[in-house]
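One structure is given here, and the rest of the page talks about it.
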There are 2 protein chains.
Amino acid sequence: MVTIKQVAEIAGVSFKTVSRVVNKEPGVKPQNVAKVEKAIKKLGYRPNRAASLVRKKQTNIIGFISDEISTTPASVAILKGAQDMAWEKGKTLMVFNLDPKKPNKDKLYEECLQHRAEGIIYGAMYHQAVTFSDIFKSLPTVLVNCISTADDFLSIVPDDEQAGYYVTKQLLYKGYRRIAFLNLNPNIIAAQQRQRGFLKALTEFGLNNSDYHIATIEKVVDDKTINITREVAEDVLKTFKPDAVLCGKDLAAINLYFAIERLGFKVGKDIGVASFDNWHDIPEILDPQLSTMALPYYEMGRLAVSQLLTMKQTSSFTTQTLHKVSCLLCDRKSF
Amino acid sequence: MVTIKQVAEIAGVSFKTVSRVVNKEPGVKPQNVAKVEKAIKKLGYRPNRAASLVRKKQTNIIGFISDEISTTPASVAILKGAQDMAWEKGKTLMVFNLDPKKPNKDKLYEECLQHRAEGIIYGAMYHQAVTFSDIFKSLPTVLVNCISTADDFLSIVPDDEQAGYYVTKQLLYKGYRRIAFLNLNPNIIAAQQRQRGFLKALTEFGLNNSDYHIATIEKVVDDKTINITREVAEDVLKTFKPDAVLCGKDLAAINLYFAIERLGFKVGKDIGVASFDNWHDIPEILDPQLSTMALPYYEMGRLAVSQLLTMKQTSSFTTQTLHKVSCLLCDRKSF
DNA sequence: TTGTACGCGTTATCAC
DNA sequence: GTGATAACGCGTACAA
């Protein structure tokens, strides 16, 4: 490997001058800058990051630990957002995936510490509560899409209540008055908060118990969540006879579309449909295209990095705030 | 930050002994090991990776450059596979995402070089040909899900011809004799190869031109690929009247299911359906569940790392081989 | 089994 | 503007 000293020799200057050129420090004669740059090119020199890190205080490394995040298409965007913001701020993200079979956060955190990461972002697959050991307090840490069971970290989560509230309001504005909510597993935070928003919107409009219906489209058997949208949707459509259906996720909206068609109705004309996620290509591929509340994963990823950097500047480790990021309606054709 | 010397002082040994304990070198008195470990715990010492990398030849870092890979749900698995294998082999993956707006592979490669990565994996979003500058030859490099236009790198791609061949054979075995192939954009390598496999299987069964029909479900307008499965499927179903349809991707199979139902047919009973991808939850959510050729992304990711390490061992930089990874049929209920 | 001298490639300090 | 020299935290070689 080519070192700074070899470059110095070829360029005919001291190695410190080479260092100045490499780091773009001011105060080097343009003539020498040229000589050094020529030598660098000739030898194919690359600065050794590790050696530089030994001396510098700033490593510019941020650790990103993901709880299976990168296998979940919807929330891959978190990683993308974090990476983009990190790049803009001159930081490098070191990404680690938790092994679902033996999830040992602490080991990965250890890895980040050894690399002298300046902070950690922990991203979860879905909005949930997670328990962290004390080792996580060694560095500024930001949680994304989850909260700590001990509530001792800065968390960035989607504002699910606002999402439920907003989309319901939109349905009501458009004149729908008999709304069924096919909600996710009620154990999930998102499901609870969306339901609260849903009910709040209905109340504001003066609707009462008989005007809405809530069902769950997920059943948990042996720790596995199974999707029962098809049966539930058919049942609700037949018995409750809604004029609009709010669905817990885009994927399940596929089943809902089928159920509606099978009963001879037309989505968007006879029955309005709304959903949550804006999961990649699914809303566009459905006919009519699905109007859905987009979960702001990309923005959350960006925010995580910028919040982390703010924490470091103000050196306020103990910021235990909850950042709720608003969800936007992707308005298409289904209601 | 705590250093090895401070640990040595507390433990009452020389810092070299601490180094031995940390690196698990043999030949330290158990008594001293205990003393050192106690001191490490007490001080909260973490080895400084950067400092160690300066001295060691092996950095154990592999660079992973992804062409928007991590936003594509189907191929996120490549990253996951690479990460798992890297972890098993004691390597750390440094992940970089290409910015789709200004894709500059070389800059990210430079970054990897500065970190003294031992090799590079370049992953693409879909099976395609990519052009690389000469800088990519400074390190052992493996391409995943793409090939080089100059054909000068080791590539790992799905065996799309085998996939097309195998699934068609299965359709034929089950007795289907009038098969429509709703293929992807014919500019895509995968589409071409699958079609070859499709035709090969038909020929082997002695079927002729009138027994199959090939249509494309993607239209390119202004550099954007738009999905026209719905119209195409309805047309093909009405005019060609197939007894089975092979679909280019799971997502489009959703449209196909709708088209089939609207014409009063039942998927799996009246018309068999097969597809490509095994894209997350989509095959399971459809009714009946979709039988589809799974693209072996996870395996490809694993293979990329192991091949890279093999290249390094044999120091055969110029291996310009094409590794085709077989696809497996996920047999469900749709044919 | 343990410790010392030295070097890795870089940045920081300060004198020239 | 420039260049010695020290220092960073650790591994290697070899001596004790």
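This is a predicted model, so every value here is computed, not measured. Throughout, protein chains are lettered first and strands after them, A, B, ... in sequence-line order, and every chain is numbered starting at 1.
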ask   = So, does A:Tyr109 use its side chain to make a donor-acceptor pair with the main chain of A:Leu139 at under 3.5 Å?
value = yes
query = Under 3.5 Å, is there a donor-acceptor pair between the side chain of B:Glu118 and the main chain of B:Ile62?
reply =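 Answer holds: no.
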key: With sequence neighbours excluded, residues passing ring pair (Phe, Tyr, Trp, His ring centres under 6.0 Å) with B:Phe132   =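 Checked B:Phe132 against ring pair (Phe, Tyr, Trp, His ring centres under 6.0 Å); matches are B:Tyr122, B:Phe136, B:Phe153.
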Let me have the donor-acceptor pairs involving side chains of residues 44-55 of chain B, under 3.5 Å, with sequence neighbours excluded, atom names and distances please.
from    : atom 1 : to       : atom 2 : distance (Å)
B:Arg46 : NH1    : A:Glu110 : OE1    : 2.6
B:Arg46 : NH1    : A:Glu110 : OE2    : 3.1
B:Asn48 : OD1    : B:Ala50  : N      : 2.9
B:Asn48 : OD1    : B:Ala51  : N      : 3.2
B:Arg49 : NH1    : A:Gln114 : OE1    : 2.3
B:Arg49 : NH2    : A:Glu111 : OE2    : 2.7

Under 4.0 Å protein heavy-atom contacts per nucleotide of nucleotides 9-16 of chain C, with B for base, S for backbone only and - for none = BBBB----
query = Given C:dT1, is OP1 or OP2 found less than 4.0 Å from the side-chain N or O atoms of B:Asn32?
reply =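 Answer no for this pair, as no side-chain N or O of B:Asn32 is under 4.0 Å from OP1 or OP2.
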query = Do A:Asn145 and A:Ile78 come close enough that some side-chain heavy atom pair is under 4.5 Å?
reply =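 Yes; the side chains approach each other to less than 4.5 Å.
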message = Just the rounded figure in Å: distance from C1' of C:dG7 to CG of B:Leu53.
response =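 Going from CG in B:Leu53 over to C1' in C:dG7 covers 16 Å.
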